[in-house]
Amino acid sequence: MHDKRDQVTGNRGQEETLPPVTCNLSPHYTLKELMTIVAAREIKDGDIVFCGTGISMLAAMAAKNINAPNSVIFFETGAIDSLLEEVPLAVADSRVMYWTSVNGNLADAFATMQNRISGPHVVGIMGAAQIDKFGNLNSTVVGDYFRPRVRFSGSGGACDVASFVGRTITFMQHEKRKFVPKLDYITSPGWLDGPDARRKAGLPDGGPESVITNMATMGFDSITREMYLSGYFPGFTPQQIQDNMGFEIDTSRAVEVAPPTEFELKILREKCDPHRLILG
Amino acid sequence: MHDKRDQVTGNRGQEETLPPVTCNLSPHYTLKELMTIVAAREIKDGDIVFCGTGISMLAAMAAKNINAPNSVIFFETGAIDSLLEEVPLAVADSRVMYWTSVNGNLADAFATMQNRISGPHVVGIMGAAQIDKFGNLNSTVVGDYFRPRVRFSGSGGACDVASFVGRTITFMQHEKRKFVPKLDYITSPGWLDGPDARRKAGLPDGGPESVITNMATMGFDSITREMYLSGYFPGFTPQQIQDNMGFEIDTSRAVEVAPPTEFELKILREKCDPHRLILG
Amino acid sequence: MKIGQDKSVSLSAAVKKYVFSGCHLSIGGFTINRNPMAAVYEIIRQKIDDIHLYAHSNGQGVDELIGAGCVSRLEIAYAGSGRFAPTCIRFKKAVQSGAIAIEDYSNYQMTLRFMAGAMGVPFLPTRSSLGTDIIEKWGFSKQMRANDSRLPNEKLMIMDNPFGSWGNAPKLVLVPAINCDVTILHVQKADREGTVRMEGLTFSDIEQAKCAKHVIVTCEEIVTSDVLKANPDQNQIPSFCVDAVVHIPYGAYPTACYRYYDYDPAYLNAYRKNAENDMRYSTYLEEFIYDVTDHQALLNKIGTEQLNAIAADPRTGYAVGLDRR
Amino acid sequence: MKIGQDKSVSLSAAVKKYVFSGCHLSIGGFTINRNPMAAVYEIIRQKIDDIHLYAHSNGQGVDELIGAGCVSRLEIAYAGSGRFAPTCIRFKKAVQSGAIAIEDYSNYQMTLRFMAGAMGVPFLPTRSSLGTDIIEKWGFSKQMRANDSRLPNEKLMIMDNPFGSWGNAPKLVLVPAINCDVTILHVQKADREGTVRMEGLTFSDIEQAKCAKHVIVTCEEIVTSDVLKANPDQNQIPSFCVDAVVHIPYGAYPTACYRYYDYDPAYLNAYRKNAENDMRYSTYLEEFIYDVTDHQALLNKIGTEQLNAIAADPRTGYAVGLDRR
């Protein structure tokens, strides 16, 4: 799981752009700011935050500065607690190696997530090309595996993170072709095919906690493990959100997502990304 | 396999002393010098030499300075190519950490020996409390395992080295109670119980090459894998040697061991142990 | 395996000696950092083909080897170059067209496979990928595996925990060791005998080196053994693991080398554009690889101005303020 | 697991909180180097007993814990203190008299067991010990294991290579993970949050830390995080693995701490003589452990002259010319 921004935005190799959706957006904040802050709110004090580059990294930085001062950011490449004076463009960017607590390696990083003590404290922030209603992710192929219509980068560490850690948060572009009834390839395990499936497969406890898109937030029902709409962004309706998905979800529990507070915005803008390198 | 000198000399916690054997020793060299040089001769150019402290380390240093300039000494603690300005008293002595090529750890050191490429190039120098005719070693207990008459330190890395590496050389005190028909406990595998036994057990190729005592050198028959007398030190007879062992060995192939050359002695004394810290 | 000798050679000689058509090759580095690019370009120049390539998350090196037609089979976790090509372009085209066969693993699985080779065991266990298509879908079929003694018979295996409830892990995925013919790394410092010092993250380079029959190390600086021995806690690979040491300043260019230089955004952006079009890619291969005699000639073509722009700032180890658009 | 907090506490508080009667404890260091001796003495002073102890090759720490009656079960590869006690004396007596139960493994097996715990897998494979009594003879019986959920049901297992001829290793020994209650390490430097820098060889300390529920780190120096972050390649354990940081200069004394001080031959020789006789050992326990209030009091008793004699030479990291007879 590195820079999955192509899969989130469909805009490969470019700076992220706001999604092409019309809505009554408050002039006081951008959708990307809201997505970042919503993700940051899910990070708890004491979490170990696994992240890639881009918006997931920014969410981790925002959480550390707002609501989870005792959280630590780490990268699958082995860098722990990097001082990110400039935005890294990959998780192996030399920028993640500067002023860290420990510069380790891949074996260390993944063992931390598979470890019985530290693994449950890790929250992983992911991205993917496709997601299904159980939060399983595809970042490998669209089409047949052996004759793919579109080949993506492959798992990277995504499958490992999704297998091992306590909770995952997934950023997705809110499009019908991305929220699909059936994945073309299961790269990273979510709740697999339902309630007890992870246990039956032999996976550790843990799994997808939420999905954050450019319209809404989704949770997973604690019994059925199916995705439901937990929040809709100001300016969007539950119906609009459902219309942009390839499967039906329960929208009855949805509430409007609280917009960013002045304090959240101030920290995000002034402390986390003052040059708007990620926020654009 | 650390400092096994107690097991070699039976003189625990003291400087090594010459064994209590009467012989016509040349006044020009000591038995310990001869043992060291005989072991050094077995080390080949390009070998990776695993050693403990004491005489095994000195043999490795002598080889590097005499006949195997392109050999490298390493310790199970992870130190490679240490500059030994003073004699270490354990393989974890800080003296092994100074001016090395790499300061690693136990996992690295043993992986080097189990590795398919590097392992066969390693020659391990060992010691033990008991040895049998197939070169299996005991460094765990004398007597019953559950009610031992004498408890020793245990395997340390000895079992690992004996399992993994291409060749091993074992230093032994030449006494009947140490060359036994049956070990009280097999700590480290030699040729197990004969020709194809290592392969049947699932061990890598390799095994004991020689045993060096204060009287003689023993090899292992390439067919039967049984110990035979390969050389007797000047001043000893094959019969004397056999009399001090608890099992019969073939003495028909034995030749007198060549005494140290002037050059070997000069290097050993002047370059390897000028202060006679190990040589006494 | 050679010990205690001067192993410094030219890059062309090292590649000629250890890399061959049909060889199983692994390359170090991660996405856009410390890829052994000088060696990659030399392999392309020597037109070595049918390579069976291994990496965990390698971007630029993998993509250029594939683009030049050197690779027939690939085992990998991730083929991307960060923001410059989140999915490598020539890789994508080659997989979509069926030009190369690919076997997908996760990053940790690839790391464990190199580690198993380094440790001398046939497999290592992990809990990763249970329930996924990484287990279900095999890029290399059972039959292909059965017919090739250089491949394990199984992509991976699932096993019940033989220790029952111990470790609270009812099932394990066993991933097979990689024991490749040659691994190529680019590092910051080495001595002539092959002792290696990497700075910053080491990725899985150490495991990759130790699982290979032969190892080529290209380095920014050749230093004396004494320089390395003065701080041995910072050295990672002992000389006896290394067969060839090649002094190639900017040997990771256009990828980064921490504390020496950054990746080159201009090159990587131009590369992406060229990679998207077959004609332009042919021209790229001619102009930037085949028509230059060696890595120094490529650097001369790039010019000092561009190289100065990516020079690492001594405080941070990267090029502060570099234009990375 | 605590993150980002000041974890510095007193040694007595840390031991009281994390070490308890019946706990599964692992201690770092090797023979006569970096044993967490101050913590060992504090455990003895607090009269914590029935400890299930794990180490690979630990000498002085293991022997003193056993000698003071704190240990009921031991899993270890080697109990020796180098030349000072090639087999630890109180260990030897305790095993011979049946006072403690012991399970023997090899050094690599113990390392792999800690590593398996650190990696979160129930076992790791090795080729070590095939054909030996390490496999045949179990110090902890099947029944004892079956009755204790904190022990794996099997000491180890042999398995046929599931990948057939791959890796050329027909059989493997699987050794079970250690997941202990607490690991105690003594290191050179740490910050208050628990980031650790060891200097010189790290033995298996990193794996031992990562396999434990709780970790106590005693250290020669507490430094600021910025000091450690200036050279992060040299740090090994991240703060989130550590629960308590205790500043204890000479915390490994009488064993060595590379670049700080050497082992103390006078103490270790006197210890050996005391250990050989039960009466004298009782007196030793009273005089050197129970009757001193803390580690500083022990150091005061030893005196500056002796401590100066073992001070590390800055060039070599040990006490050059120390009388080690």
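Residue numbers begin at 1 in each chain, while the letters A, B, ... track the order of the sequences. Owing to the predicted nature of the structure, the values given are computational and were not obtained by experimental measurement.
- Heavy-atom minimum distance, A/Gly156 versus C/Ser57: CA-OG, 4.2 Å.
- For A/Ser163 (side chain) and C/Ser129 (main-chain N/O), a donor-acceptor pair under 3.5 Å exists by modelled atom type.
- Looking at A/Leu192, the atoms closer than 4.5 Å to chain C (heavy atoms on both sides) all sit in the side chain, from C-beta outward.
- Between A/Tyr185 and C/Asp104, the side chains place no donor N or O within less than 3.5 Å of an acceptor N or O (distance only, hydrogens not considered).
- Interface residue A/Gln114: only side-chain heavy atoms are found under 4.5 Å from chain C.
- Residues A/Ala79 and C/Leu201 share a closest heavy-atom pair of N-CD2, 3.5 Å.
- Residue A/Phe164 touches chain C through its side chain alone, counting heavy-atom pairs closer than 4.5 Å.
- With a 4.5 angstrom heavy-atom cutoff, C/Arg324 touches chain A via backbone and side-chain atoms both.
- Looking at C/Val320, the atoms closer than 4.5 Å to chain A (heavy atoms on both sides) sit in the backbone and in the side chain alike.
- Contact of A/Asp184 with chain C is made through the backbone alone, with heavy-atom distances under 4.5 Å.
- Contact between A/Ala92 and C/Phe30 at its shortest, heavy atoms only, is CB-CD2, 3.3 Å.
- Side-chain N or O atoms of A/Asn105 include none that pairs as donor or acceptor with a backbone N or O of C/Thr202 at under 3.5 Å.
- Contact annotation for A/Arg149: only backbone heavy atoms (N, CA, C, O) come within less than 4.5 Å of a heavy atom of chain C.
- In this structure, C/Arg280 places its CZ atom where more than 12 heavy-atom neighbours from other residues, nucleotides or ligands lie under 6.0 Å away.
- Note that CD1 of C/Ile134 is 10.5 Å distant from CD1 of A/Ile186, once rounded to the nearest 0.5 Å.
- Of all heavy-atom pairs spanning C/Thr132 and A/Pro189, the tightest one is CG2-CD, 3.5 Å.
- Between A/Glu86 and C/Thr316 the shortest side-chain heavy-atom distance does not fall below 4.5 Å.
- Closest heavy-atom contact between A/Glu85 and C/Tyr318: CB-OH, 3.6 Å.
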- prompt: What do the steps show when you test C/Lys137 against A/Thr140 for side chain to side chain contact (heavy atoms under 4.5 Å, CB included), and what is the final call?
  reply: CA-CA 12 Å; C/Lys137 296 195 171 147; A/Thr140 303; over 6 Å; no

field: Intermediate values then yes/no, side chain to side chain contact (heavy atoms under 4.5 Å, CB included), A/Leu106 and C/Asn107
entry: CA-CA 8 Å; A/Leu106 271 70; C/Asn107 251 352; 4.2 Å; yes

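- A/Ala111 touches chain C through backbone and side chain together, each having a heavy atom under 4.5 Å away.
- Note on A/Ala197, A/Ala109, A/Ala162, A/Pro204: by heavy-atom pairs under 4.5 Å with chain C, the leading option is A/Pro204.
- For chain C, the option among A/Phe146, A/Tyr145, A/Trp99 with the highest count of heavy-atom pairs below 4.5 Å is A/Tyr145.
- The side-chain heavy atoms of A/Met113 and C/Tyr108, taken from C-beta on, include no pair separated by under 4.5 Å.
- Annotation: maximal heavy-atom pairing with chain C below 4.5 Å, among A/Leu83, A/Asn103, A/Leu183, A/Val102, occurs at A/Asn103.
- The greatest number of non-hydrogen atom pairs below 4.5 Å with chain A, out of C/Cys88, C/Gly167, C/Gly80, C/Ala169, is found for C/Gly167.
- With a threshold of 4.5 angstrom between heavy atoms, C/Phe114 does not approach chain A through any atom at all.
- Between C/Tyr263 and A/Asp93 the shortest side-chain heavy-atom distance falls below 4.5 Å.
- Among the candidates C/Arg127, C/Lys93, C/Glu199, the residue making the largest number of heavy-atom pairs closer than 4.5 Å to chain A is C/Arg127.
- Taking both residues in full, the closest heavy atoms of C/Glu207 and A/Ala107 are given as OE2-CB, 4.0 Å, listed atom of the first, atom of the second, then distance.
- One distance of note links OG of C/Ser106 with CZ of A/Phe110; it measures 7.0 Å at 0.5 Å rounding.
- Of the two parts of C/Leu112, neither the backbone nor the side chain holds a non-hydrogen atom closer than 4.5 Å to a non-hydrogen atom of chain A.
- With a 4.5 Å cut-off on non-hydrogen atoms, A/Asp108 does not touch chain C at all.
- Using a 4.5 Å cut-off between heavy atoms, C/Glu136 makes no contact with chain A at all.
- Chain A forms the most heavy-atom pairs under 4.5 Å with one residue out of C/Pro170, C/Gly317, C/Gly200, and that residue is C/Gly200.
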message: What verdict does the side chain to side chain contact (heavy atoms under 4.5 Å, CB included) test give for C/Thr31 and A/Val91, after you've listed the backbone C-alpha separation in whole Å, the side-chain angles of each residue and the deciding distance to 0.1 Å?
response: CA-CA 8 Å; C/Thr31 58; A/Val91 294; 5.8 Å; no

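- Using a 4.5 Å cut-off between heavy atoms, C/Asp205 does not touch chain A at all.
- In this structure, the side chains of C/Lys92 and A/Val150 come closer than 4.5 Å at one or more pairs of heavy atoms.
- Note: A/Arg95 leads A/Met97, A/Arg95, A/Arg147 in heavy-atom pairs under 4.5 Å with chain C.
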task: Quick one: do C/Asn33 and A/Ser94 satisfy side chain to side chain contact (heavy atoms under 4.5 Å, CB included)? Show the steps, please.
output: CA-CA 7 Å; C/Asn33 213 314; A/Ser94 298; 3.1 Å; yes

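- The parts of C/Arg315 that come within reach of chain A are both its backbone and its side chain, each placing non-hydrogen atoms under 4.5 angstrom from that chain.
- In this structure, the portion of C/Ala256 lying under 4.5 Å from any heavy atom of chain A is its side chain and not its backbone.
- Here the OH atom belonging to C/Tyr78 is positioned 11.5 Å from the CZ atom belonging to A/Phe152, to the nearest 0.5 angstrom.
- There is no contact between C/Ser97 and chain A, counting heavy-atom distances below 4.5 Å.
- Only the side chain of A/Val96 comes within contact range of chain C, with at least one heavy atom under 4.5 Å from a heavy atom of that chain.
- Considering only heavy-atom pairs separated by less than 4.5 Å from chain A, the leading option among C/Gln96, C/Gln109, C/Met115, C/Arg34 is C/Gln96.
- No donor-acceptor pair closer than 3.5 Å links the side chain of A/Ser153 to the backbone N or O of C/Thr87.
- Between the A/Arg116 side chain and the C/Asn168 main chain, no donor and acceptor come within less than 3.5 Å of each other.
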